[in-house]
Amino acid sequence: MAENTLNGHRVLAIVTNYGIEQDELVVPVQHLRERGAHVDVAAVKAEEIRTLVGDKDPGKTVQPDLTLADADASSYDLLLIPGGTVNADSLRLDETAVSMVRSFAESGRKVAAICHGPWLLVEADVVDGKTLTSYASVATDIRNAKGTWVDKSVMHCGANDWDLITSRTPDDLEDFLREIDDTLGAAG
């Protein structure tokens, strides 16, 4: 059993109900729960979440804990935004999700996004002045939104008085999760 270094921390993972890259949701949720964090998965609908592997093959199904509409974003320390092309593209069209991102940034709370997840950050207009990474195809969108894109396994940026942790792909999950652990642990 992992050390419970994140006891007392609350994490909200936000997703659509289809197209999430499996390991970008399942692995962080399990990892954070094993370390003692309370993690809620909020989906657009109160229906099962169907993940994909490599954006095409069926993955695991996950039951959401609540819907985006029912989530009280102010009660969480960290917002987790998994990727998956379909998920990220749909999520950035959901005004509740966009508002949550703005709420976290404006209140100085932490956000962690991986792969295509930063599309939601671009849509929420919170990347101006931030340095972040993502799946390579999102780089131009980040630059157009006045963010600085870097090609690194993980990037932690504290500019504009809030912590943003970003990563490129499921291959970078180990670095991504270590940075989340360090950032939440330092805050606790």
Side-chain angles (χ1 to χ4, degrees), residues 6 9 11-16 19-29 31-32 35 37 39 51-55 76-94 97-188:
L6 300 179
H9 291 284
V11 177
L12 180 63
I14 60 172
V15 296
T16 59
I20 302 89
E21 184 64 33
Q22 173 185 283
D23 287 353
E24 294 173 10
L25 174 63
V26 174
V27 172
V29 167
H31 171 90
L32 293 165
R35 278 155 185 75
V39 181
T51 70
L52 296 175
V53 177
D55 269 342
Y76 295 92
D77 307 305
L78 176 98
L79 182 66
L80 175 64
I81 308 167
T85 308
V86 174
N87 172 66
D89 193 39
S90 297
L91 198 60
R92 66 183 172 160
L93 297 176
D94 185 285
V98 173
S99 294
M100 281 184 183
V101 171
R102 286 187 191 123
S103 168
F104 271 79
E106 290 167 2
S107 64
R109 288 175 292 142
K110 298 159 183 36
V111 176
I114 185 168
C115 199
H116 288 81
W119 262 343
L120 184 55
L121 304 171
V122 169
E123 190 66 32
D125 197 26
V126 298
V127 300
D128 189 355
K130 298 295 262 186
T131 300
L132 58 157
T133 193
S134 66
Y135 193 74
S137 66
V138 181
T140 299
D141 298 308
I142 290 168
R143 289 183 189 114
N144 287 342
K146 299 180 184 169
T148 300
W149 187 84
V150 294
D151 186 12
K152 295 174 62 173
S153 65
V154 67
M155 182 65 210
H156 180 174
C157 180
N160 303 337
D161 299 320
W162 62 282
D163 288 303
L164 175 60
I165 302 161
T166 52
S167 200
R168 299 176 298 197
T169 73
D171 293 340
D172 299 324
L173 276 168
E174 186 175 327
D175 293 340
F176 183 61
L177 294 172
R178 182 174 41 253
E179 193 63 35
I180 291 171
D181 287 349
D182 291 349
T183 302
L184 280 178

How close do [X] and [Y] get, heavy atom to heavy atom, and via which atoms?
X: E24; Y: G83; result: OE1-N, 2.8 Å
X: V15; Y: P82; result: CG1-CG, 3.7 Å
X: G158; Y: D163; result: CA-OD1, 3.9 Å
X: V126; Y: W162; result: O-CZ2, 3.4 Å
X: R143; Y: W149; result: NH2-CE3, 3.5 Å
X: D141; Y: W119; result: OD2-NE1, 2.8 Å

Heavy atoms, side chains only, cut-off 4.5 Å: are [X] and [Y] in contact?
X: L164; Y: T131; result: no
X: L184; Y: D77; result: yes
X: P118; Y: I142; result: yes
X: V86; Y: T16; result: no
X: E21; Y: C115; result: no
X: L120; Y: V98; result: yes
X: L177; Y: P28; result: yes
X: L12; Y: M100; result: yes

Would you give the length of the straight line joining atom [atom1] of [X] to atom [atom2] of [Y], rounded to the nearest 0.5 angstrom?
X: R92; Y: I81; atom1: CZ; atom2: CD1; value: 13.0 Å
X: I165; Y: L79; atom1: CD1; atom2: CG; value: 11.5 Å
X: L121; Y: K130; atom1: CG; atom2: NZ; value: 9.5 Å
X: I20; Y: S90; atom1: CD1; atom2: OG; value: 9.0 Å
X: K110; Y: L78; atom1: NZ; atom2: CG; value: 8.0 Å
X: L25; Y: N87; atom1: CG; atom2: CG; value: 8.5 Å

Carboxylate-amine/guanidinium contact R178 D175, below 4.0 Å: yes
Flag if over 12 foreign heavy atoms under 6.0 Å of CG, D161: no
Could you tell me whether D125 atom CG has more than 12 heavy atoms of other residues or ligands within 6.0 Å of it? no
Please evaluate residues S134 and H116 with respect to the criterion side-chain contact (heavy atoms from CB on, under 4.5 Å), reporting the C-alpha separation (whole Å), side-chain torsions for both, the decisive distance (0.1 Å), and the verdict. CA-CA 6 Å; S134 66; H116 288 81; over 6 Å; no
Full working for side-chain contact (heavy atoms from CB on, under 4.5 Å) between L173 and I114: CA-CA 9 Å; L173 276 168; I114 185 168; 3.7 Å; yes
Let me see the working for V101 and E123 under side-chain contact (heavy atoms from CB on, under 4.5 Å), right down to the final yes or no. CA-CA 9 Å; V101 171; E123 190 66 32; over 6 Å; no
Suppose we screen for side chain to side chain donor-acceptor pair (under 3.5 Å). Which residues come up paired with D55, at least two apart in sequence or across chains? T85
Side chain of T133, backbone of K152: donor and acceptor closer than 3.5 Å? yes
Evaluate the criterion side-chain contact (heavy atoms from CB on, under 4.5 Å) for residue pair D23 and V53; output intermediate values, then yes/no. CA-CA 8 Å; D23 287 353; V53 177; over 6 Å; no
